[in-house]
Amino acid sequence: MRCSPPRSLLVAACATACAAVLLAGCVHPTEGGPIQPLPPAEGRVNPGLGPDARPLSSGPGYKGSPSWSPGGDRVAFIVDGYVVDRTVDGEQLTRWTTKDFVAAEAEWTADGSLTMLGGAGAVEGRPGAVYRTDPKEEGSLGVEEILEGVLAMAPGPERKDVVVALEMGPDESGLSLLRAGQMERIYTGTVQGTVTGASTSPDGDRVALAVRPAGDGSSHELHVFDLRTGEARKISEIQDGRGILGAPQWTDRGIYFVAGALSPPGDDGEPLYNLYRTAPEPGEPEPAPGVGEDFVAGGARVSPDGDRLAVVGRLNPKSPLNLYVLDLQTGSLDAVTTNEDMEIKTGPDDLAWSPAGTSVAIVARGASSGEPEVRAATAEELLDAFYNLYEIPITTPEPPGAPR
Amino acid sequence: MRDATLWAAGAALAFLLTAGAFLVLANLATGPATEDLPATPARGKPGPPLDLDLNRDRLDSLKPAPDQELLLTVENSGGRDFSNVNLTLEASSGDTANPNARYYRQTLRNLKSGEDVEVRFLLDLSKTAEASPPPTAPDETSEIIEIRATTPEGVSVVRTAILPL
């Protein structure tokens with residue numbers, strides 16, 4: 001008798017092997033496994049200005065002089081001398097001038113054009129020229145020269161006009177009013193000295209001027225120019241070798257300005273400037289109420305409604321730089337950034353209010369170590385490695401009993 | 001006796017075939033998958049299969065002059081070989097108004113899995129005379145070196161070095 005188990009066992013073994021091979025064939029090969037790309041936001045670190053800060057620019061370039069468009073949807077600024085603007089809710093960038101343009105200040109006006117103070121003279125403290133972009137020729141890089149010999153400029157109320165201070169002669173300045181790129185008015189009255197900064201009153205009738213007197217190295221006089229009468233008068237003078245930084249700010253509660261010693265008294269190399277207030281009448285300036293006697297001020301800008309002042313400064317010389325908002329009615333000073341190793345620019349033109357008064361644009365970068373750095377992103381994506389613009393939202397506390 | 005021998009031979013053959021099948025299964029289903037997965041994620045991110053290493057000492061030695069040697073290490077830390085790794089390098093001034101950008105390119109052939117190769121670039125980092133200095137320029141100027149490595153397989157990595165030159 002033949003025994004069949006070995007044959008059947010062999011058949012079973014072959015069937016098992018075939019099944020195993022078939023089963024193995026059903027498993028997906030792992031060729032082409034997932035390869036994770038670098039996240040596009042690599043290198044976009046927390047800007048170190050607080051959780052609410054939002055970048056408005058990125059990439060390399062020395063940026064400054066932000067200016068919000070009248071609608072608040074775009075912010076113009078200067079990058080390495082040329083002028084660009086960027087949409088606030090997107091990343092559409094428009095360049096308005098050629099890259100060899102040398103702008104010192106850019107201001108958006110109500111007609112949708114940019115008025116720019118530029119030229120090598122303006123950069124080196126000498127008179128520059130005022131240029132204007134054509135809003136219908138966006139991206140053409142063509143600008144029109146409006147005026148030469150311009151010392152300073154300031155947008156008027158609601159940015160309809162631009163007041164420009166002109167060099168009329170050695171140590172003599174004059175004023176002119178521009179509207180939609182045209183010379184609206186030239187004032188015959190002059191200011192004794194060189195105007196270095198200007199700010200219009202909330203009603204647009206007068207202009208506060210920082211003036212450098214003849215034979216002096218610093219601007220330490222405040223003048224008020226009446227645009228209705230064309231007359232100017234000196235209202236205040238800063239003593240003790242101090243000078244006025246940038247343009248005075250005409251608010252609902254008087255004229256505020258930043259002044260201090262031009263040469264640093266200490267060894268830290270940082271000048272100590274203070275915030276002052278004066279009435280628009282002849283008188284002695286006083287330390288601005290609400291900021292504290294140790295407050296060190298940098299750039300300052302009045303809000304569009306005239307009742308708040310945004311100031312980049314330090315609570316005391318040892319504390320970090322932050323953006324503060326001073327409520328001019330209550331005198332309360334609130335920090336709206338929480339600086340963590342950021343260098344905030346303190347230039348007089350390096351901050352700007354949005355038209356609605358709900359945000360302030362500032363310029364900052366991460367503290368530089370002075371050593372080579374390597375980042376895992378393209379240069380254009382980097383934020384804190386370079387000076388960039390940030391939008392800082394400003395919340396206004398509602399008065400008691402205000403409707404919600 | 002002959003039946004017993006056949007029984008034993010059949011059982012051994014069945015065992016070997018089954019074991020072999022399971023070995024094949026194990027190899028196909030698990031082996032390569034662990035190799036192809038990205039490196040252990042760091043802080044929730046997978047490690048890159050292609051990496052560029054710029055040593056700080058190498059960067060420190062660069063000067064604002066022509067013929068500056070930049071050495072960088074290209075590392076294939078993934079599970080697959082790369083037939084080509086295209087390297088593009090752009091050196092530009094931190095002053096964006098300065099149009100003097102310089103571009104360099106190299107290709108690495110057949111970078112095997114786990115292999116790292118040192119690549120040498122000879123850069124011109126000399127300063128160009130600026131027609132008009134930018135207004136209120138910062139005290140320090142920087143040179144930006146952006147290096148991008150890409151493979152035909154679609155893997156890419158970018159590194160940007162900021163040199164305070």
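Within every chain, numbering begins at 1; the chains are lettered A, B, ... in the order of the sequence lines, protein sequences first and strands thereafter.
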Non-hydrogen side-chain atoms of B/T160 and A/V374 separated by less than 4.5 Å: no
Counting C-beta onward and ignoring hydrogens, is there a side-chain heavy-atom pair between B/T96 and A/Y82 closer than 4.5 Å? yes
Among the listed options B/I162, B/L50, B/I147, B/L52, the residue most often paired with chain A at heavy-atom distances under 4.5 Å: B/I162
Spell out the residues in residues 53-71 of chain B that have some non-hydrogen atom less than 4.5 Å away from a non-hydrogen atom of chain A, in order of number; otherwise answer 'none'. B/L54, B/R56, B/L59, B/D60
Can you give me the closest heavy-atom contact between A/G370 and B/P164, atom names plus distance? O-CG, 3.2 Å
Measuring from A/D100:CG to B/N98:CG, what's the distance to the nearest 0.5 Å? 12.0 Å
Tell me the closest heavy-atom pair linking B/G94 and A/P60, and the distance in Å. O-CB, 4.2 Å
One should read off an interatomic distance between B/E90 CD and A/T378 OG1, to the nearest 0.5 angstrom, of 10.0 Å
Show the nearest heavy-atom pair for residues A/K99 and B/A97, with the distance to one decimal. O-CB, 3.4 Å
